[in-house]
Amino acid sequence: MLSAMMKEHQARQQQHRELQEKRRKDAITAATAVTQALGENLNSGVSQAYLNQKKLDAEAKQLQTQAATYAKKTLQWLAVVEGFNQALKEIGDVENWARSIESDMRIISTALEYVYKGRGASCSGNSK
């Protein structure tokens, strides 16, 4: 009877160990699955962040290139506008010069008319 109890106890102990071993393996399997799922999720987020960063870097480089091109074109436009402004000033100077010449010519013309009329009057006074 003692030997039967002992065998029964050992059999229960063995079953208990097997059950514990099965539970341990199940726990390890579940922990591994959770770890893999978390790792995949984390890796997915990291890879997405990396791709986003690459896109941002490419867009920043493109924006920098476009800004440099815009700055060059702006300088070119400023040079064109400055040249146009200078041409307008020169036209204004020529117009002012022409007015000055015209005014001088009127003064000379008036003076010549005055002299001519004065001579004409003195000539007609001498002939009488």
Side-chain angles (χ1 to χ4, degrees):
M1 182 166 140
L2 191 53
S3 144
M5 282 176 66
M6 182 73 155
K7 283 185 182 182
E8 189 179 311
H9 175 68
Q10 286 176 347
R12 275 189 277 168
Q13 284 287 342
Q14 185 61 30
Q15 285 177 346
H16 184 64
R17 279 189 218 124
E18 288 173 2
L19 181 61
Q20 286 295 92
E21 184 63 25
K22 183 180 180 296
R23 287 181 180 166
R24 186 181 69 79
K25 286 180 182 180
D26 289 345
I28 289 172
T29 303
T32 302
V34 167
T35 303
Q36 284 179 344
L38 288 173
E40 288 173 5
N41 189 18
L42 181 62
N43 286 340
S44 173
V46 168
S47 67
Q48 186 63 41
Y50 177 74
L51 290 175
N52 289 344
Q53 183 63 39
K54 280 179 66 175
K55 286 179 186 177
L56 285 174
D57 289 344
E59 288 178 8
K61 191 173 186 177
Q62 183 181 12
L63 181 62
Q64 186 177 19
T65 303
Q66 289 174 348
T69 302
Y70 176 73
K72 287 178 186 177
K73 287 184 179 184
T74 301
L75 290 175
Q76 289 172 346
W77 273 106
L78 285 173
V80 167
V81 168
E82 182 61 32
F84 182 70
N85 192 26
Q86 187 64 33
L88 286 177
K89 284 181 184 178
E90 289 173 4
I91 288 172
D93 289 344
V94 168
E95 186 179 349
N96 191 27
W97 173 79
R99 280 194 206 121
S100 177
I101 293 293
E102 184 180 3
S103 174
D104 289 347
M105 294 305 283
R106 281 192 183 136
I107 291 170
I108 291 171
S109 175
T110 304
L112 287 174
E113 283 178 26
Y114 180 73
V115 167
Y116 180 73
K117 285 181 184 178
R119 277 190 172 195
S122 66
C123 284
S124 35
N126 284 340
S127 57
K128 287 186 181 177

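Below, all heavy atoms of this structure are taken into account, side chains as well, without hydrogens, waters or symmetry copies. Just so we're clear, the structure is a prediction, and the values are computed from it rather than from any experiment. Residues take their numbers from the sequence shown, with the count starting at 1.
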Hey, can you pull the donor-acceptor pairs under 3.5 Å for the side chains in residues 49-62, sequence neighbours left out?
{"unit_1": "Asn52", "atom_1": "OD1", "unit_2": "Gln48", "atom_2": "NE2", "d": "3.2"}
{"unit_1": "Asn52", "atom_1": "ND2", "unit_2": "Gln48", "atom_2": "O", "d": "3.4"}
{"unit_1": "Gln53", "atom_1": "NE2", "unit_2": "Asp57", "atom_2": "OD1", "d": "3.0"}

Which atom pairs, one a donor and one an acceptor, fall under 3.5 Å between side chains of residues 2-14 and the rest of the protein, sequence neighbours left out?
{"unit_1": "Glu8", "atom_1": "OE2", "unit_2": "Arg12", "atom_2": "NH2", "d": "3.2"}
{"unit_1": "Gln14", "atom_1": "OE1", "unit_2": "Arg17", "atom_2": "NH1", "d": "3.3"}
{"unit_1": "Gln14", "atom_1": "NE2", "unit_2": "Glu18", "atom_2": "OE2", "d": "3.2"}

N/O donor-acceptor pairs under 3.5 Å from side chains in residues 95-107, not counting sequence neighbours:
{"unit_1": "Glu95", "atom_1": "OE2", "unit_2": "Arg99", "atom_2": "NH2", "d": "2.4"}
{"unit_1": "Glu102", "atom_1": "OE2", "unit_2": "Arg106", "atom_2": "NH2", "d": "2.7"}

For [X], enumerate each residue passing the side-chain contact (heavy atoms from CB on, under 4.5 Å) test, keeping only those at least two apart in sequence or located in another chain.
| X | answer |
| --- | --- |
| Gln64 | none |
| Ser109 | Glu113 |
| Glu40 | none |

Can you list the other members of the hydrophobic cluster that holds Val94, where links are side-chain heavy atoms under 4.5 angstrom apart?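 Taking Ile, Leu, Val, Met, Phe, Trp and Tyr as members, Val94 stands alone, with no cluster partners.
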List, by chain and then residue number, the residues other than Phe84 in its hydrophobic cluster (Ile/Leu/Val/Met/Phe/Trp/Tyr, side-chain heavy atoms under 4.5 Å); write none if there are no others.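 Via sub-4.5 Å side-chain contacts, Phe84 links to Leu88.
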Side-chain donor-acceptor distances from residues 24-37 under 3.5 Å, at least two apart:
{"unit_1": "Arg24", "atom_1": "NE", "unit_2": "Glu21", "atom_2": "OE1", "d": "3.3"}
{"unit_1": "Arg24", "atom_1": "NH2", "unit_2": "Glu21", "atom_2": "OE1", "d": "3.4"}
{"unit_1": "Arg24", "atom_1": "NH2", "unit_2": "Glu21", "atom_2": "OE2", "d": "2.4"}
{"unit_1": "Asp26", "atom_1": "OD2", "unit_2": "Lys22", "atom_2": "NZ", "d": "3.4"}
{"unit_1": "Thr29", "atom_1": "OG1", "unit_2": "Lys25", "atom_2": "O", "d": "2.8"}
{"unit_1": "Thr32", "atom_1": "OG1", "unit_2": "Ile28", "atom_2": "O", "d": "2.8"}
{"unit_1": "Thr35", "atom_1": "OG1", "unit_2": "Ala31", "atom_2": "O", "d": "2.7"}

What pairs of donor and acceptor atoms, side-chain ones from residues 67-80 against any protein atom, are under 3.5 angstrom apart with sequence neighbours left out?
{"unit_1": "Thr69", "atom_1": "OG1", "unit_2": "Thr65", "atom_2": "O", "d": "3.0"}
{"unit_1": "Thr74", "atom_1": "OG1", "unit_2": "Tyr70", "atom_2": "O", "d": "2.7"}

